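Take a look at the structure below.
Note that the structure is predicted; figures quoted are calculated from it, not measured.
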Amino acid sequence: MSPSETNSPDVAVDPQTPKRPRPHPPFQDSPLTKNENSSKINLQPQDAENRYIRFADEIRNWCVGPMPVSEFLDAFLPDRPWGMPSSKNAFKDVPSATTVEKEVYEPLIDALNFGNMRNSRCPGVTFVNTSTLPENPGKRGSLKPDISAYETSSLKDLRRDDGKIPAHFGYMLLFAEVKANYDFFLDPPKGANPKEHSFILDHIRDQTIRDRAKRALGQNVAYAVDICKRQHRSFCFSISVTGSRIRFLRWDRAGVIVSRSFDCLKEPELLSEFVWRFGRATDVQRGFDTTVFPTSEAQEVLFKSVVTAHVKKELELDGDKLETAVSRHYQAERVLGVKVYADEHTHRDFLISRPIILPESMASRGTRGYWAVDAKTGKIAFLKDVWRTAVFGMNREGSIIRYLKGKKVRNIPEVLFHGDVPDSDVGDEVVTQRTRTHEYLEEKWACIPEDRAMKITPHVHYRLALEEVGYGLEELNGTQELLLCTQDAYDAILDAKDLAGTLHRDISMNNIILVRCADGRRRGILIDWELSCKTSNDGKARDHWRSGTWAFMSADALRRSEDFRHSIQDDLESIIYVVFYGGLRYLPHNATKRLKTFMDNFFNQNEKFEDGTVIGGSGKDANKTSRYYSSRVVFESASLQKWLDGAFGLLCVKSEKQWEDTESLGKLWSVLPEKDLPTADRVEHEIPRNTVIVLPNDATAISSRVTSLKRKAAANARGPGRDKEDNSKRMKASAANVKQPGRRAGSSKQGGPSKNATVQTARVALRRRTRSETQLAAVPNGSRAMLPPSEIPARVRAHSMRTRSSKDSPSDTPVELAVTWDKPTRSKVPGGSKRQR
């Protein structure tokens, strides 16, 4: 979740969309989101850097190559027709090597744009230098590929007043990125075994260049993400250029296929053939989703009026506030039609405009969500557009919900239409839109080292139309809605388990929507059943892979122990975290100071290992043991406070037997005095910028046993010999920016050692807070993080330590203190000012 919209620079702005004559290509220039769920992470420089690094790390898990160039062309582009211009010396002006990237731009662009309307190298397409021309000039984090390709006919509409054409991802056909002296990939030598070859980045020995290359590779991923976000696509192409050496890339929701490298000076026919075939390709062959179609002005009027009426009903607004709320779902001249298929040959048309959620990664389900209008009935609906995981045992979400409805599960949505999206009709055969990257995993040329547990998951494009349309739980008005709507979700969870043997496995703020009833009250509807699964005889999930939204996942799921299987207790624990999060974010309480840090440490704590495994949950574990976090928050609503005290009491390790009774949590709602619950006590607190946690692909989860062994090996590697070196580095880190300690070897739980552990004196960095005493906790020797007093887990026993007077040093100076475990003694600050850090 992202901060509310303000005029600050870190808030996403609408792109400078050119005014195109209607009808414009419907599958291009899709509106961006305009609400709290909008992603704004690429607008702040530091966030952009983190995004690129994350993308570069991810691509290792879903990149297949190097594919022979001729196979690439034949597999992904139409047959080469006659009439291609001669490629002899076509790229002779492109430098074979250079230290300045811009020396490549113009010679390459001139060669690609060679010809005229009747005999062009890439018919109907023009390549433009956009290396210095972002779509939104002056806005931080704007993306600008070196070379962008557009329909020649659209250039007059894209051209700015100064005559220049910017990098517009809403209309970009493909992009090319130029690097002067390094290639992201390294083809294996002739005769080498591809299964023993490292293909991505590892060949760059110079660390500085390697870091730069990693960032640039992540930037390429970001370009592909934005093209597929801003357009309705099933895949897209790009070109990677290093001097005169060229690679082709094909991106889809399963990953990316990379061609072998070739020299366009020695083999100009390969690049010429690629652009020629691309220029002659159909929209479908270029990766566009042609099931999106333009609408009439009358349909746009219908869409706006139906959406406006529903917003007014749900939010009870008028005037400018109503218009602003409507703009979250509607953008003028950007109302499109989409087909939702009930079966292979029957479909219903729905009207859509501005989405409420867009995908922010490439190899993913690529979820989009829209308020939609049924073009036939004129009724409001919710449309989910997603690339579902196409593996054995994964049912379509619409089928799951209809099954649950048949079992009388309460508080879930009604399915109107659902089905896979076709690519094209070939006679009586319907070809669905599906990813292709996974098809090439077993090819002899694929460089996938045998020691890498890499499996790319196939996806199929799927749409689901639901009857219930509302707002996420983040739109709650007060305590009453938070508690009563989560109770509705609780009823759905129990019904699904008891009546249908199904676990939801992704309980979160966004998956509980508020829908207004005839009596005026808004009730909770539990949506997003895509990741749900059936239970085994023992009541736990049949699947052994982890799923969920990181902030709300149970502590056991975050730890990912080798024997973990999801249970209903994990879903119920997630409900508690939803209530806690909603209260912290939107209701009055006393913990407003350092709320960002507090929430990040509790909800987003994580640690990533070299094999890509991510674990977390130390804050939640600490709270289970001693309520370290929840005990520090006092809510203004006594009823909410009582509910949370009872819920966290059930989660306490001392209440394990009581927690096994699924009805015990429900009793906390049953005793609530509903008439006394505040109905309009919503307040706005500053929310932490989300930590982006990316779980391994559903079907690629590495064996938990292997994960456990690697985690233990990593802990052993941080043995006593590393302590002095590690501590000296930790003392230099600001205590305000560190993470909670992760689970360590020898620890009974995350966040601290067992009571019987022998722990030596440890050094702790903290910020001086007052002249008097500061509560300090002993941190075990070898701990992986230093924390200020307000954030040290209560599992680590607290002692009262007197700091130096603020006269001796500034109040924000980290101080080195020697403390011990389990010995409540005072320890003075060692040394004088020379020992201060």
Side-chain angles (χ1 to χ4, degrees), residues 1-14 32-41 43-44 47 311-312 314-329 354 356-357 470-486 508-516 522 524 549 551-552 576-604 629-630 632-641 643-644 677-692 736 790:
M1 209 172 300
S2 303
S4 298
E5 292 184 73
T6 67
N7 292 322
S8 62
D10 64 334
V11 174
V13 294
D14 279 332
L32 291 173
T33 55
K34 192 177 182 181
N35 61 9
E36 283 200 330
N37 296 323
S38 304
S39 173
K40 308 172 181 72
I41 66 172
L43 294 183
Q44 286 283 10
D47 289 336
V311 171
K312 185 173 184 178
E314 290 294 323
L315 299 183
E316 299 177 334
L317 298 175
D318 284 303
D320 292 342
K321 290 184 178 181
L322 175 60
E323 186 176 344
T324 300
V326 170
S327 70
R328 293 169 58 175
H329 309 285
R354 191 188 290 277
I356 63 171
I357 186 172
Y471 286 91
L473 198 55
E474 70 273 5
E475 295 290 341
L476 60 90
N477 288 324
T479 300
Q480 186 181 87
E481 282 189 344
L482 175 62
L483 289 173
L484 297 186
C485 289
T486 49
S508 69
M509 289 283 292
N510 288 335
N511 287 341
I512 301 173
I513 63 170
L514 307 173
V515 177
R516 196 170 298 281
R522 293 203 291 185
T549 301
F552 308 103
I576 296 174
Y577 298 143
V578 166
V579 176
F580 192 38
Y581 186 100
L584 288 170
R585 176 65 180 91
Y586 301 110
L587 298 175
H589 55 77
N590 69 331
T592 55
K593 286 188 176 181
R594 299 180 61 81
L595 183 59
K596 288 179 65 174
T597 304
F598 182 95
M599 293 183 71
D600 258 343
N601 288 342
F602 185 84
F603 293 104
N604 293 329
Y629 285 91
S630 57
R632 296 172 182 272
V633 184
V634 178
F635 288 93
E636 187 175 288
S637 168
S639 297
L640 175 60
Q641 186 68 53
W643 190 96
L644 283 169
L677 295 177
T679 59
D681 57 339
R682 177 190 176 98
V683 294
E684 293 291 339
H685 299 299
E686 185 179 11
I687 190 172
R689 188 183 303 277
N690 265 1
T691 301
V692 181
S790 62

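Atoms NZ and CG, on K321 and L315 in that order, are 11.0 Å from each other to the nearest 0.5 Å. Between the CD1 atom of I357 and the CG atom of N510 there is a distance of 6.5 Å, given to the nearest 0.5 Å. For the atom pair L587 CG and L476 CG, the distance stands at 6.0 Å (nearest 0.5 Å). Atom-to-atom distance recorded for K596:NZ and N601:CG is 12.5 Å, nearest 0.5 angstrom. Taking CG of L317 as the start and OG1 of T324 as the end, the distance is 9.0 Å to the nearest 0.5 Å. In this structure, CE in M509 is found 5.0 Å from OH in Y586, a value given to the nearest 0.5 Å.
Below 30°, between 30° and 60°, or above 60°: for H685 and H589 the angle between ring planes is between 30° and 60°, a tilted geometry. Taking the six-membered ring where tryptophan is involved, the planes of F580 and F602 are perpendicular, since the angle between them exceeds 60° and thus also 30°.
Across every non-hydrogen atom of L32 and R354, the tightest pair is O-NH1, 2.8 Å. Among all heavy-atom pairs drawn from V311 and A325, the shortest one is CG1-CB, 3.6 Å. Looking at every heavy atom in both residues, A551 comes nearest to N604 through CB-OD1, 3.9 Å. Between F635 and L644, the closest heavy-atom pair is CE1-CD1, 3.3 Å. Of all non-hydrogen atoms in V633 and A591, the two that sit nearest each other are CG2-CB, 3.9 Å. Shortest non-hydrogen contact noted between G524 and C485 is N-SG, 3.6 Å.
Between E481 and R682 there is no salt bridge, since no side-chain N of the basic residue sits under 4.0 Å from a carboxylate O of the acidic one. The pair R328-E475 meets the salt-bridge criterion, since a charged nitrogen lies less than 4.0 angstrom from a carboxylate oxygen.
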- prompt: Should V579 and L640 be marked as a side chain to side chain contact (heavy atoms under 4.5 Å, CB included) after you check the CA-CA gap, both sets of side-chain angles, and the distance that decides it?
  reply: CA-CA 9 Å; V579 176; L640 175 60; 3.8 Å; yes
message: With side chain to side chain contact (heavy atoms under 4.5 Å, CB included) as the criterion, how do L677 and L482 come out once you've worked through the C-alpha distance, each side chain's angles and the decisive distance to 0.1 Å?
response: CA-CA 10 Å; L677 295 177; L482 175 62; over 6 Å; no
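At least one side-chain heavy atom of F598 sits less than 4.5 Å from a side-chain heavy atom of L584.
Under the side chain to side chain donor-acceptor pair (under 3.5 Å) criterion, N590 pairs with no residue at all, not counting sequence neighbours.
More than 12 non-hydrogen atoms from other residues, nucleotides or ligands lie less than 6.0 angstrom from CD of Q641.
Judged by distance alone, with hydrogens and angles left aside, the side-chain atoms of D681 form no donor-acceptor pair with the main-chain N or O of P588 at under 3.5 Å. At least one donor-acceptor pair closer than 3.5 Å links the side chain of E314 to the backbone N or O of R516.
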